Amino acid sequence: MTLDTTPPWEDVQNYVGGSWQSPSGDGGEDVIDPATGETVSHVSFSSAADVDEAVAAGREAFETWRSTPVEERIQPLFELKQLLETHQEELAEVLVREHGKTFGEAMGELRRGIENVEVACGVPSMMQAGHVPNAAPDIDETAVRKPLGVFAAITPFNFPGMIPLWFLPYAVATGNTFVLKPSEQDPVVTQRLFELLDETGFPDGVVQLVHGAADTVNTLLDHDGVEGVSFVGSTPVAEHVYERAASSGKRVQAQGGAKNHIVVTETADLEFAARKTVSSACACGGERCLANDVVVVEDGVYDEFADRVVEVAREQTVGYGLDEETDIGALITPEHEASVRDVIATGIEEGAELLLDGRAVEVPGYEAGNFLGPTVFGEVDPETTVAREEIFGPVLGLIRVESLDEAIAVVNQSRFGNAASLFTADGGDAKRVRHEADVGNLAVNAGTAAPMAFFHFGGRKASFFGDLHAQGDDMIRFYTDETVYIERWPNA
Ligand code: NAD
C-alpha cells in the first residue's frame, strides 16, 4: 500500500472495531500546515456515543485477546514494525506538513516510536513475574501478570508520530485493548498509523482511534469501561486528567510540561556544550518537553560560553520543514507563535540582556508560516519568566552562577522535574549532580536527556503525576495486575 502524503487530505476518521467511521459529535477544527497556513485536513470531534462504541468494541475484543497466547499477540507488532520501516518517509512527510518540524526531526521521532514497538515484542519475557517453591511448608507461591481490560491514551501535538507508540504496543502485547485520543491539532499522521495497524493481524476491536478535544477526553476519563489512562500534555491538563480519572478508580499516568536546565561547569568542552545547547533548545522549534532552554553557567566560563552559543544560534536556518537546509521549522499555530513572542517581550521588560533576537526572521515563499528565529537572553534572573516558565519555542536563557552548588539550587528550585543536562570533564561534579538534581532524566555531556525505549521516560514534580512512567518495564507494570497464587497439593 501507499500512504497518501499529498494534501489536502480527506477528513480524519475514527477507527472502531476494525472499521472507519466519521466522528458524530459537535465541533471540530481544520488541520493547518503551520508553514503555509493552508488547510490540509479537518477533524470532527467524537460524541459520547462514539466513545461508548469504541470502549464497547475494546471490551468485547478483550474477552478473546486476553487469552490469546502472548506469542500470537506480538506477531502483529512485528508486522507493524516492518510497515513503519517501509512507510517511515511517507509518515515523516505527513508529519512535517501538519506539524511544521523538519523532515529529519520527523524521521527521528518515528525511529523512537519504532523502537517502542521493538521493545514491546519482548513482552513474553518482560511479562514474567515470579515463582517461589516451598515459600511456606508445602506451599508454592507464584505471581502472574494479568491484563486488565481497555486502556486509553491521550496524546499531545508535539510528537504525534511517537507518543502514541509509548503506549499502544505495550498495552496490546500484554493482552489489553486500547483506545487512542490523539491531539486534534495534527491528527493525520495518527490516521496513517492506524491505516498501517489495519494492515496488521490485530483482531477487530484490539485497537481503537477516536478524535476529539476536551469533551472526548473527559468522556474517556469518566467511562466505567476504561481501566486506566495514560496522558501526555501540559501540566494543568495532566493534573486534571490525573485527578478526574483517579476519582473513578482508574490507573493513571499523566506526564506534564517542563522547564529543563543545562549546567555548564568550568571544565566543560565549551564548543561541544554550545552546539548541544542550541540543538537542545531549538530542535523541533523548541516544542519539546525535553528542550533544555535555561543554561546555568559557572562564572569563569560564562562570557566565552555565551559568545559561542550566540554564534551557533545565529548559524541556524529557519524554514520549511521539507527543505533540506532547514534547521528550525514552523511553530504549531499563529496563537502559539504569538505566545512565544510575548515571552520574549516579557524577558526584555524583566531586564534580561537580549543577545540574539529571532523575531524579525523571514522565510521567503512562506510568509503565512509561524516562524521564529532562535532567540538568546543573557544575564537572566532565575526568578523571572524566561527562567521559570515553559516557553515551547526557540528561546534560550543564560544564568550566571558562582558555583556548582548555586547551579544545582537553580535546577532544584524549578517546580518542574522532567530533565537536565550537565556539561563537565569532572567526574566528581557529575556524581554530585546525579545525586542532587531533582529530575527524572539526566544527561551528562549530552544535550537532551531522552531515554531509549527499554528505559522508562522519567519525570518528577509538576512534570509527572502518577508512579509508573511511559516506555519500558514501567509500561508492563502499568498494563498488568499481579495475582499471587498460593498453592498446596496434599498428594505432591
Ligand atoms: P495539551 O495539554 O494542550 O493537550 C494534550 C491533550 O489533552 C490533547 O489530546 C488535547 O486534546 C487534550 N486536552 C487539551 N485540553 C484539555 C482539557 N481542558 N481537558 C481535557 N483534555 C484536554 O498539550 P499540547 O499543547 O498538545 O502539548 C504540549 C505540552 O505537552 C507541553 O506542555 C509539553 O511539555 C507536554 N509534553 C510533555 C511530555 C512529557 O513526557 N512530559 C512529552 C510531550 C509533551
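Remember, predicted model here, so these are calculated numbers, not experimental data. The basis for the numbers below is simple: all heavy atoms, side chains too, and nothing from hydrogens, waters or symmetry mates. When a ligand or atom number is given, it counts from 1 through the structure's own listing order.
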Against ligand 1, does [X] come closer than 4.0 Å with any heavy atom?
X: F464; value: no
X: F457; value: yes
X: G256; value: yes
X: W166; value: yes
X: T235; value: no

Inset, instruction - Mind checking whether E184 contacts ligand 1 via backbone (N, CA, C, O), side chain (CB onward), both or neither, at a 4.0 Å heavy-atom cut-off? - result: side chain
Inset, instruction - Measure the spacing between CH2 of W65 and CZ of F178 and express it to the nearest 0.5 Å. - result: 13.5 Å
Inset, instruction - Ignoring angles and geometry beyond distance, decide whether G257 reaches within less than 3.5 Å of ligand 1 through its nitrogen or oxygen atoms. - result: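 Not met; the criterion fails.
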Inset, instruction - Test S339 against D342 for side-chain hydrogen bond (donor to acceptor under 3.5 Å, both in side chains), laying out the working first. - result: CA-CA 5 Å; S339 80; D342 285 349; over 6 Å; no
Inset, instruction - Verify, without hydrogens or angle tests, whether T448 (side chain) and A450 (backbone) share a donor-acceptor contact under 3.5 angstrom. - result: no
Inset, instruction - Answer yes if a protein heavy atom lies under 4.0 Å from atom 4 (O) of ligand 1, otherwise answer no. - result: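 False for atom 4 (O) of ligand 1.
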Legend entry - Minimum-distance protein heavy atom relative to atom 8 (C) of ligand 1: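 Ranking protein heavy atoms by distance from atom 8 (C) of ligand 1, first comes T155 O, 3.4 Å.
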